[in-house]
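Notes follow the structure.
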Amino acid sequence: MKIEPGKYLFSKIECRDYDILVPFSCRKTGTCCSVYVPRIPYDDLEVLVKYLGLPADEFIADYQFYYGKKLKGQAVRCPFLDNHNLCRIYHHSLRPWVCYLFPFSYGSEVIKTCPAHVEHHHLLDCLVAGEKECNVYDSSFCPNLDLRPIPEERWLGILKRFQSVPSLPELAVAFVIFNEPELMGELMAMRRSWE
Ligand code: SF4
Ligand code: SF4
């Protein structure tokens, strides 16, 4: 299947004869953004402030104040985080890459303050445990390089291992779409026929 680079974060479990893609799904707790201010170039700040309809001078001065504190090693709340702990520029193309890549930017280290990252690593451990030979990669930048489909006879076992870790329903849907797009097509067709 074709997965648009830059749209999702996911790991790839490269087994001997096939690949398993494991998507990452942020729980939107805002924990990471409550203690971090990303570097955003001035020109981008101007665009983002306009996009949000905020008073430019005031917001940019605030941003620079908080960014300065972050450079001094302080844990500072990002000024783009709203009162519901959601990023106000989450869907904007100028949201910094450092934000998009968190927590994968920390390599194989599990970020315990991020429930989605803990869940992701539980899933990886569980899926890897059923494989005799494999390697795990952060695959977000090279998703389409000759991915090998999971053989039909292996799919049910892999799905059962995935389901043994509690996860959000949307993550289970993404897991099926990534690994069994044809099955997902059939499920959607069945659902339409019930409606
Ligand atoms: S820009 Fe958005 S995603 Fe990045 S730290 Fe700020 S609130 Fe979080
Ligand atoms: S700590 Fe993890 S789950 Fe919470 S907002 Fe950050 S990336 Fe998402």
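Order of listing sets the numbers, starting from 1, for every ligand and every atom in it.
- Listed by first then second residue, pairs satisfying side-chain hydrogen bond (donor to acceptor under 3.5 Å, both in side chains) with a partner in residues 29-40 read T29-T31, not counting sequence neighbours.
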Q) Yes or no on side chain to side chain contact (heavy atoms under 4.5 Å, CB included) for L123 and F175, after CA distance, side-chain angles and deciding distance? A) CA-CA 11 Å; L123 284 169; F175 183 72; over 6 Å; no
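- Taken to the nearest 0.5 Å, the CG atom of N179 stands 10.5 Å off from the OH atom of Y18.
- Contact atoms of ligand 1 toward C99: 1 (S), 3 (S), 4 (Fe), 5 (S) (distance under 4.0 Å to a heavy atom of the residue).
- Around atom 6 (Fe) of ligand 2, protein N, O or S atoms at less than 2.8 Å comprise C32 SG.
- In this structure, the salt bridge (Lys or Arg N to Asp or Glu O under 4.0 Å) partners of R154, at least two apart in sequence or on a different chain, are E131.
- A donor-acceptor pair under 3.5 Å is formed between the side chain of H117 and the backbone N or O of I111.
- Between the side chain of R148 and the main chain of C15, a donor-acceptor pair closer than 3.5 Å is present.
- Side-chain N or O atoms of H92 include one that pairs as donor or acceptor with a backbone N or O of L94 at under 3.5 Å.
- With a 4.0 Å heavy-atom cut-off, ligand 1 is reached by no atom of R88.
- Taking the six-membered ring wherever Trp is involved, the centroid distance between the rings of F104 and H120 falls below 6.0 Å.
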Could you tabulate the donor-acceptor pairs under 3.5 Å formed by side-chain atoms of residues 45-71, not counting sequence neighbours?
unit_1 : atom_1 : unit_2 : atom_2 : d
Y63    : OH     : P38    : O      : 2.5
Y63    : OH     : I40    : N      : 2.8
K70    : NZ     : V37    : O      : 2.7

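- Counting heavy atoms under 4.0 Å from ligand 1, residue V98 does not touch it at all.
- Close contacts between ligand 1 and C78 involve ligand atoms 1 (S), 5 (S), 6 (Fe), 7 (S) [criterion: under 4.0 Å to a heavy atom].
- Taking atom 1 (S) of ligand 1 as the reference point, the nearest protein heavy-atom neighbour is I89 CD1, 3.7 Å.
- Of all the listed residues (P96, P38, S34, C87), P38 holds the heavy atom that lies closest to atom 5 (S) of ligand 1.
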